[in-house]
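Read the structure below first, then the notes.
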Amino acid sequence: MKGFILGVSLVGNVIFGYHLIKENGILADLNRQGNGLSDKITGKAKQVSGTVNDNSADKIEGQIQETTGKAKETVQYLKEKVFD
């Protein structure tokens with residue numbers, strides 16, 4: 001039961017943080033920069049949801065999306081270092 005409550009709390013915090021970032025326009029700026037933060041946040045939320053609901057497909061999809069976000073951040077970092 002403690003794990004379920006912790007999972008629900010974590011999912012709620014991730015969703016709340018996502019909406020705060022989105023409302024302040026920060027998410028749009030970050031997406032334009034192509035750093036993949038939204039993919040990482042969404043992927044992490046899917047992983048937590050999959051863990052809470054015992055859904056391995058959601059966990060795997062979340063891992064893939066989070067990895068995609070990390071790859072986008074790496075590409076952006078390399079673009080900044082090479083072209084700036």
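Quantities reported herein were computed from a predicted structural model and do not represent experimental measurements. Hydrogens, waters and symmetry mates are skipped; everything else that's a heavy atom, side chains included, is used.
- How far OG1 of T42 is from CG of L37: 9.0 Å, rounded to the nearest 0.5 Å.
- Nearest heavy atom pair, residue D39 against residue K72, reads OD2-NZ, 2.6 Å.
- Applying the side chain to side chain donor-acceptor pair (under 3.5 Å) test to T51 and every residue at least two apart in sequence or in another chain returns nothing.
- Under the salt bridge (charged side-chain N to carboxylate O under 4.0 Å, His left out) criterion, the residue pairs touching residues 47-62 are K46-E61, with sequence neighbours excluded.
- Not counting sequence neighbours, N13 has no partner by the side chain to side chain donor-acceptor pair (under 3.5 Å) test.
- Side chain of T68 to backbone of I64: a donor-acceptor contact under 3.5 angstrom is found.
- Note that the NZ atom of K44 and the CD atom of Q47 stand 4.5 Å from one another [nearest 0.5 Å].
- Looking at T67, its side chain does come within 3.5 Å of a backbone N or O of Q63 through a donor-acceptor pair.
- One hydrophobic cluster, built from ILVMFWY side chains closer than 4.5 Å, holds both I15 and F4.
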